[in-house]
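So the structure is just underneath, and the comments pick up after that.
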Amino acid sequence: MTKPLRLELDRSAKTPLAEQIHRGIRAAIESGVLAPGARLPSWQDLAAQLGVARGTVRSAYEKLSSAQLIVAARATGTHVADRPSFPVRRDKAPARGSFMEMYQELTAGPAIFQMGVPAQETFPATLLARMRAHAVRIEVSAPAIYPDPRGELDLRREIAAYLALARGIDCAPSQIIITSGFSGGLGLALRVLGLEQKKAWVENPGFPFTRHGLELARLSIAPIPVDADGIDVDYGLKHAPDAALVVVTPGQQAPLGSTLSLARRSRLLDWATRSKAWVIEDDYLGELQLKGRATPALASLDRAGRVIHIGSFSKTVTPALRLGFVVAPAALASRFAEAAACLAPAPGPAVQLATADFMREGHYLRHLRRTKRVYAAQGDALLKQLRARTANVALAGLAAILRLPDRAPDLAIAREAASFGLAPTPLSLWYASTASARPGLLLGIATSPQKRIEASCKQLFGIIDRLT
C-alpha cells in the first residue's frame, strides 16, 4: 500500500494549488525523499487526500511528467522516474577580498546610508507602473521584428531635448545610444575605442567599479589626484602625458563632490584635442545638484568631438530600470551604432517607451525638482546630527563624507554597521591603492529619512567608537 504523500498547501497564497503540488513533489524527488521507482498515489487518490479538484492534481502530474520526473502506466501506476543522481549544486560565496565580494557588499540593501540608490518615498511607483503596463501592451502587440539596436527613437528624442535644456549639450537623436545603465555605456564605449594596452587616467579617489572595468578592458590605469577643483589635469600631464583615455565625473566628482573648474575643463579638452585622446564623461547625477544649478556638462564645451558623454537614470529614478545612454561624438555615431547592433543592443522597448512618456509628459523634470527638495532637507538633517559629534564631515554630491582618523578600519566599521541595517560605504575602497587610501565613511543622503537619522547616527558612532 502506498504511503500517503505529505504535502502542505497554502490556500491563502497567490501561487496556484497545482503549482504548489508540483513544487512539493519535485522538491521531494530532488532531495531524495522520493527515490527512483517510488510509487505515487493516482491523481484521483491524491486529490481526495488533499481536498482539491482532480484536475488540479492532474495538471501538476502532467508538468512533472513533461519534466521526466515521473512516469505513468495503466498497469503499474505512477512512479518516480529512474535517473542518474546529480550532486546538488550550491552557489559559492565570492572569494574573500575579491571584486565580487566588494560589489555585493556595496550593492546590498536596502539600508540606511546606502549610496547609489534613490529614496523610495520619492519614487513615482504608481505612475511608472501604469506607464510601463501601457508600454508592455504596445510592445507585445507590435509586429515581431527586431527593434532598433540604438534604442527607441521616441526615447532618444526626449533625451536629446532634455540634454539641450538641462546639460547644455547640442546633439542629434542619431548620436544617442540607449544602454543598460552606465556600465553598459562604458562597455560599449571601450569596445568602440579599442584602447587595449593603452593608458587611462582615472580619478583618485574614484568609482571602484569603473576602475575595475577599465582593468578588465586591458587598459593601464594611471590614478590622478582630485582636489577642490576636480581632477588635477597638470598632475596627469606631468606623470602620464601619453594617456589615450580619461574617465571623469566633472559635474559632481565621485566621491568627493567637487566640480571640475572651468580652467581645468579647458585644459583637459585642449590636451585631448592635441593628443587625440578620448574623454569619457560620467554624468551620473545629471542635474541632480542640491545647491544651486548644476554646471553644464563637459561635453557642452567639446568642439573637437573628443568627449563621450554617458548618463543614467539609476540615481535619478531607480537602478531597477537598468537604463542609461551614451552621447557619441558625431564622427563616432555610426561606429557606436554598429557596436550596439552586433554586441550590445538596447534594452527591451517597453521600459524605453515608458521612460519616453515619463519625460515627454513633464514628469521627469517635476520628479527631479521634488527629489531635490527632499534630499536637501535630508542632507541638512544628516549634517546637523553628524556635526554634533565631529567637525570632520562635509556634503559631497548625494553623500556626506565622514572622515576618520588615520588607519581607522573603515571597512570593518561598514561591515559591523551592516548587521544593524546601516550601509555606510568605506571611503578607502575608492582609492586606487592602499598607499594613497584615506579612511572615511560615505553616508548616502537619499537613503537617510529624517525620522531615522538621529537613531542611525547614534548607532553608527557607537560602532566607530568601539572599533577605533
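When atom types are taken as modelled, the side chain of S258 and the backbone of D229 share no donor-acceptor pair closer than 3.5 angstrom. Side chain of S300 to backbone of P296: no donor-acceptor contact under 3.5 angstrom is found. Checked by atom type and distance alone, the side chain of D283 never pairs as donor or acceptor with a backbone atom of G311 at under 3.5 Å. Using modelled atom types, one side-chain atom of S266 and one backbone atom of L262 make a donor-acceptor pair closer than 3.5 Å. Under the 3.5 Å distance criterion, the side-chain polar atoms of R306 are matched with a main-chain donor or acceptor of A277. A donor-acceptor pair under 3.5 Å links the side-chain atoms of D410 to the main chain of S428, judged by distance alone. Between the side chain of Q352 and the backbone N or O of P347, at least one donor-acceptor pair lies under 3.5 Å. A donor-acceptor distance shorter than 3.5 angstrom exists from the side chain of Y375 to the backbone of A119, with no hydrogens or angles considered. Side-chain atoms of Q175 do not come within 3.5 Å of backbone N or O of C171 as any donor-acceptor pair. A side-chain donor-acceptor contact under 3.5 Å links T447 to the backbone of Q114.
Across Q252 and Y284, no two heavy atoms sit closer than the pair O-OH, 2.6 Å. Looking at every heavy atom in both residues, P250 comes nearest to L298 through CG-CB, 4.0 Å. Of all heavy-atom pairs spanning P329 and V307, the tightest one is CG-O, 3.4 Å. Taking every heavy atom of both residues into account, A328 and A333 meet most closely at CB-CA, 4.1 Å. Residue H309 comes nearest to A297 through the heavy atom pair CE1-CB, 3.8 Å, listed as atom of the first residue, atom of the second, then distance. Heavy-atom minimum distance, P426 versus L441: CA-CD2, 4.4 Å.
The distance from atom CG of L411 to atom CG of L467, rounded to the nearest 0.5 Å, is 11.0 Å. In this structure, CD in E105 is found 10.5 Å from OG1 in T425, a value given to the nearest 0.5 Å. Rounding to the nearest 0.5 Å places CG of L323 at 5.5 Å from CZ of F313. Between the CG atom of L398 and the NZ atom of K372 there is a distance of 10.5 Å, given to the nearest 0.5 Å. Put simply, OG on S456 and CD on Q385 are 9.5 Å apart, with the number rounded to the nearest 0.5 Å. Here I401 contributes atom CD1 and L256 contributes atom CG; the two are 5.0 Å apart, rounded to the nearest 0.5 Å.
In this structure, the side chains of H212 and M102 stay at 4.5 Å or more apart for every pair of heavy atoms. In this structure, the side chains of D148 and I178 stay at 4.5 Å or more apart for every pair of heavy atoms. For the pair V246/W271, a side-chain contact is recorded, criterion being any heavy-atom separation below 4.5 Å from C-beta on. Taking the side chain as every heavy atom from C-beta outward, V247 and W201 never approach each other to under 4.5 Å. Taking the side chain as every heavy atom from C-beta outward, E139 and L353 never approach each other to under 4.5 Å. Put simply, the side chain of I224 does not reach to within 4.5 Å of the side chain of V233, judged on heavy atoms. Contact check for T249 versus T210: no side-chain heavy atoms found under the 4.5 Å cut-off. Looking at T15 and D10, their side chains never come closer than 4.5 Å, going by heavy atoms from C-beta outward.
With hydrogens and angles left out, the side-chain atoms of T355 and Y364 include no donor and acceptor closer than 3.5 Å. In summary, the side chains of T295 and R265 do present a donor paired with an acceptor at a separation below 3.5 Å, with no hydrogens or angles considered.
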Start with the C-alpha gap between D465 and K458, add the side-chain angles, then the distance that decides, and say whether salt bridge (charged side-chain N to carboxylate O under 4.0 Å, His left out) holds. CA-CA 11 Å; D465 291 342; K458 182 178 179 180; over 6 Å; no
E215 and I221: side chain to side chain contact (heavy atoms under 4.5 Å, CB included), yes or no, with the steps?
CA-CA 7 Å; E215 292 171 343; I221 302 302; 3.6 Å; yes
key: Test log, rule side chain to side chain contact (heavy atoms under 4.5 Å, CB included), inputs L443 and L386   = CA-CA 10 Å; L443 311 179; L386 295 175; 3.8 Å; yes
**Message:** Could you go through E287 and R167, starting from their C-alpha distance and side-chain angles, then the distance that decides it, and tell me whether this counts as salt bridge (charged side-chain N to carboxylate O under 4.0 Å, His left out)?
**Reply:** CA-CA 7 Å; E287 69 160 353; R167 309 302 293 127; over 6 Å; no
Quick one: do I159 and V327 satisfy side chain to side chain contact (heavy atoms under 4.5 Å, CB included)? Show the steps, please. CA-CA 10 Å; I159 290 174; V327 182; 5.6 Å; no
Give the intermediate values and the outcome of side chain to side chain contact (heavy atoms under 4.5 Å, CB included) for residues Q104 and F99.
-> CA-CA 9 Å; Q104 290 185 356; F99 171 79; over 6 Å; no
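A parallel orientation is assigned to the rings of Y235 and H239, their planes being inclined by less than 30° (bins at 30° and 60°).
With sequence neighbours excluded, no residue forms a side-chain hydrogen bond (donor to acceptor under 3.5 Å, both in side chains) with R387. For R218, there are no side-chain hydrogen bond (donor to acceptor under 3.5 Å, both in side chains) partners two or more places apart in sequence or in a different chain. With sequence neighbours left out, R264 forms a salt bridge (charged side-chain N to carboxylate O under 4.0 Å, His left out) with D227.
For the side chain to side chain contact (heavy atoms under 4.5 Å, CB included) test with T371, the passing option among T316, V317, L288 is L288; the others fail.
Using a cut-off of 4.0 Å between Lys/Arg side-chain N and Asp/Glu carboxylate O, R130 and E361 are scored as not salt-bridged. One finds no salt bridge joining E152 and R156 here, because no Lys/Arg side-chain nitrogen approaches an Asp/Glu carboxylate oxygen to under 4.0 Å. D406 and R438 are not joined by a salt bridge, as no carboxylate oxygen comes within less than 4.0 angstrom of a charged side-chain nitrogen. Electrostatic pairing of R211 and E203 does not count as a salt bridge here, judged by no charged N lying under 4.0 Å from a carboxylate O.
By the 6.0 Å contact criterion, CZ on R452 is open, its count of non-hydrogen atoms from other residues, nucleotides or ligands being 12 or less.
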